[in-house]
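Everything numeric here is computed off the predicted structure, so don't read it as measured data. Lettering follows sequence order; numbering is per chain, from 1.
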Number of protein chains: 2
Amino acid sequence: MDTGDRLLTPGEVAALFRVDPKTVTRWAAAGRIGSIRTPGGHRRFRESEVRALLEGEGVLDDLDDGGANGRPRNTGPSQGGNHGPTNAGLH
Amino acid sequence: MDTGDRLLTPGEVAALFRVDPKTVTRWAAAGRIGSIRTPGGHRRFRESEVRALLEGEGVLDDLDDGGANGRPRNTGPSQGGNHGPTNAGLH
DNA sequence: AACTAGTAGGGTAATTTGGGAT
DNA sequence: GGTGTCCAAATTACCCTACTAG
């Protein structure tokens, strides 16, 4: 029943987008991407939302592969985890 | 409608927040989240409280109701378990 | 009484945060 | 306007062993 939205850390999202974790934080601060804060203040991002952002625009980018990252790549169809208006105002 | 009065173990809460069980324990020790201790010293957390924390952001709110008294949003902690502003203004 | 799994406690490295400057 | 790097601080992740829960 769960859409299977795992939560990703800023570092994970940054690796997916090939940007700095700081940039991901800026996106969250600007409201361009939904973010969940832990009681400690750290941010967590929804896997489904990040996925939609990555595959939605069509600007496919090679995924990270430089470090020792044990993240299985889901080459298959999306898990259909779109669950909400992830779109914020674009400019 | 079920607010979920179930008690969650540190491991469960950790999985929900994508953090380490130790981190959840630290939250309880810091008073950032309500915790119930078992006679043996282990901690248990209320599902309703954790759920409320997970809903953190929520910049979106459809105010389209226009008179239709829709369904109650699950943002109702109500349970007596709220000890105050969960969000602590950090530095 | 025995067992496995999870949790508590302390300690140290890695990550994340926030602002400012380039 | 947006992104990458600098700093200091906090928070979090993983190491260990001992105890509790079922």
Could you check whether any side-chain N or O of B/Arg18 sits under 3.5 Å from a backbone N or O of A/Leu7, counting only pairs where one atom can act as donor and the other as acceptor?
yes
How many whole angstroms separate atom CG of A/Asp20 from atom P of C/dA21?
20 Å
For B/Trp27 and B/Phe45, I'd like to know if the aromatic rings sit close, meaning centre-to-centre distance below 6.0 Å.
no
Can you check the A/Leu8 CG to C/dT16 P distance for me, whole Å?
11 Å
Separation between CZ (B/Arg44) and CZ (B/Arg37), nearest 0.5 Å, reads 11.5 Å
I'd like to know if A/Arg32 reaches the base of D/dG2 with its side chain, counting only an N/O donor and acceptor under 3.5 Å.
no
Is any side-chain heavy atom of B/Val50 closer than 4.5 Å to a side-chain heavy atom of B/Leu54?
yes
Can you tell me if A/Glu49 uses its side chain to pair, donor with acceptor, with the backbone of A/Ile33 under 3.5 Å?
no
Give the minimum heavy-atom separation between B/Arg43 and B/Ala28, together with the two atoms involved.
CD-CB, 3.5 Å
Contact pattern, 5' to 3', of nucleotides 3-10 of chain C - B, S or - by protein heavy atom under 4.0 Å:
---BSBBB
Check this one for me: any side-chain N or O of B/Trp27 less than 4.0 Å away from OP1 or OP2 of D/dT11?
no
Distance below 4.0 Å between A/Thr38 side-chain N/O and D/dT12 OP1 or OP2:
yes
Just how far, in rounded Å, is P of D/dT3 from CZ of A/Phe17?
11 Å
Whole Å only: how far is the CG atom of B/Leu16 from the C1' atom of D/dT12?
17 Å
